[in-house]
Amino acid sequence: MPKNMRRKVIAGNWKMNMLPNEAIEFISRLENEVKDTKNEVILCVPYIDLFYSLLAVQKTNIHVGAQNVFYEESGAYTGEISPKMLKCINVEYVIIGHSERRQYFAETDETVNLKVKASLKEELKPIVCVGESLEQKETGKTENVITTQTEKALKDLTGEDVRNTIIAYEPIWAIGTGKVASANDANESIKKIRGKIKELYGEDVAEDVIILYGGSVKPENAKELFSMSDIDGALVGGASLKVDSFSKIVNFDK
Ligand code: 13P
């Protein structure tokens, strides 16, 4: 099987930004800028923007994702949203286990795994975030941290499930700091994640699974990052809030 036939995926994570009118306006401007790309374009928007964004992306090549989901189907869980709820309005993707959720909202490897399984059951594609802190990096724990997070997130999944899952390697020290991992370091970490998937699910699955880099991705560094053997695109925070910078990242190969 030829290696690295994977598509490139550029996903924006708006985090807690953008009101519905801003989302609609953003999409109407982005649409034209990305209409000719072969790369997959995803916008992960706040819950309040989902419905408006889904209407706005009709007849475009832009996909919509959420930024979190709960793992139960329904019930007395005030304030939570289930995979079935997201799926029924046609949301395609959901970010699970972002480091900000692990840090501020007590997300654990176990809840990440429950959310991944519940999402896949509804055919909602998870974008699972893994990544080491600065302290873990400086004490040589990166490989152990990211491969363990990956293994725990994917626990009990089939190979087919894993193919429908995107992994985002986001070193915490690179998020929102302007400090991007070097293309080589990011590629090496992503290779370790792919290696773990190979160990668990075999080479074919490992070669198919999309693994993104995230952390201070900008138009200026995107091309170098995306030219690496194992980096299949990016999860973009700050630079996804402006049409100009986000579309330049999507169009890195133009
Ligand atoms: P920045 O691109 O702002 O560093 O954020 C990365 C991120 O957390 C994407 O999920």
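What you see is a predicted model, and the numbers here were worked out from it, not measured in a lab. Numbering of ligands and ligand atoms starts at 1, following listing order. Along the sequence shown, residues are numbered consecutively beginning with 1. The figures that follow rest on heavy atoms only: side chains count, while hydrogens, waters and symmetry mates do not.
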Requested in this report: With sequence neighbours left out, write down each residue that passes salt bridge (Lys or Arg N to Asp or Glu O under 4.0 Å) with Lys137, or none if nothing qualifies.
Outcome: none
Query raised in the report: For the hydrophobic clusters of this structure (ILVMFWY residues joined by side-chain heavy atoms under 4.5 Å, transitively), does one cluster hold both Ile249 and Val45?
Result: yes
Report task. State which residues pass salt bridge (Lys or Arg N to Asp or Glu O under 4.0 Å) with Arg163; sequence neighbours excluded, sorted by chain then number. Result -> Glu160, Asp208
Requested in this report: Identify, by atom number and element, the atoms of ligand 1 in contact range of Ala174, meaning under 4.0 Å from any of its heavy atoms.
Outcome: 4 (O)
Query raised in the report: Do Trp14 and Val217 belong together in a cluster built from hydrophobic side chains that touch within less than 4.5 Å?
Result: yes
Report summary line: For atom 2 (O) of ligand 1, the closest protein heavy atom turns out to be Gly237 N, 2.9 Å
Report task. May I ask you to list the atoms of ligand 1 that are less than 4.0 angstrom from any heavy atom of Gly215? Result -> 4 (O), 6 (C)
Requested in this report: Only one of Lys191, Arg194, Lys192, Lys198 passes salt bridge (charged side-chain N to carboxylate O under 4.0 Å, His left out) with Asp230; say which it is.
Outcome: Arg194
Requested in this report: Look at ligand 1 and say whether Lys15 reaches it with a heavy atom at a distance under 4.0 Å.
Outcome: yes
Query raised in the report: Counting only heavy atoms not in Lys117, do more than 12 fall under 6.0 Å of its NZ?
Result: yes
Query raised in the report: Quick one: which of Cys129, Pro171, Ser99, Ser216 has a heavy atom closest to atom 1 (P) of ligand 1?
Result: Ser216
Report task. With Tyr93 as reference, evaluate Gln67, His63, Glu40 under the side-chain hydrogen bond (donor to acceptor under 3.5 Å, both in side chains) test and give the passing residue. Result -> Glu40
Query raised in the report: Against heavy atoms of Leu235, which atoms of ligand 1 measure under 4.0 Å?
Result: 9 (C), 10 (O)
Query raised in the report: Of all the atoms in ligand 1, which lie at a distance below 4.0 Å from a heavy atom belonging to Glu170?
Result: 6 (C), 7 (C), 8 (O), 9 (C), 10 (O)
Query raised in the report: For ligand 1, is any non-hydrogen atom under 4.0 Å from Asn13's backbone (N, CA, C, O), its side chain (CB onward), both, or neither?
Result: side chain
Query raised in the report: Going by heavy atoms, is Cys44 under 4.0 Å from ligand 1?
Result: no
Requested in this report: Verify the cluster assignment for Met228 and Val130: are they in a single hydrophobic cluster under the rule of side-chain heavy atoms below 4.5 Å apart?
Outcome: yes
Query raised in the report: Short N/O distance, under 3.5 Å, between His98 and ligand 1?
Result: yes
Query - Heavy-atom nearest neighbour of atom 3 (O) of ligand 1 within options Gly238, Gly131, Ala11 - result: Gly238
**Report entry** Those atoms of ligand 1 less than 4.0 Å from some heavy atom in Gly176
**Finding:** 1 (P), 3 (O), 4 (O)
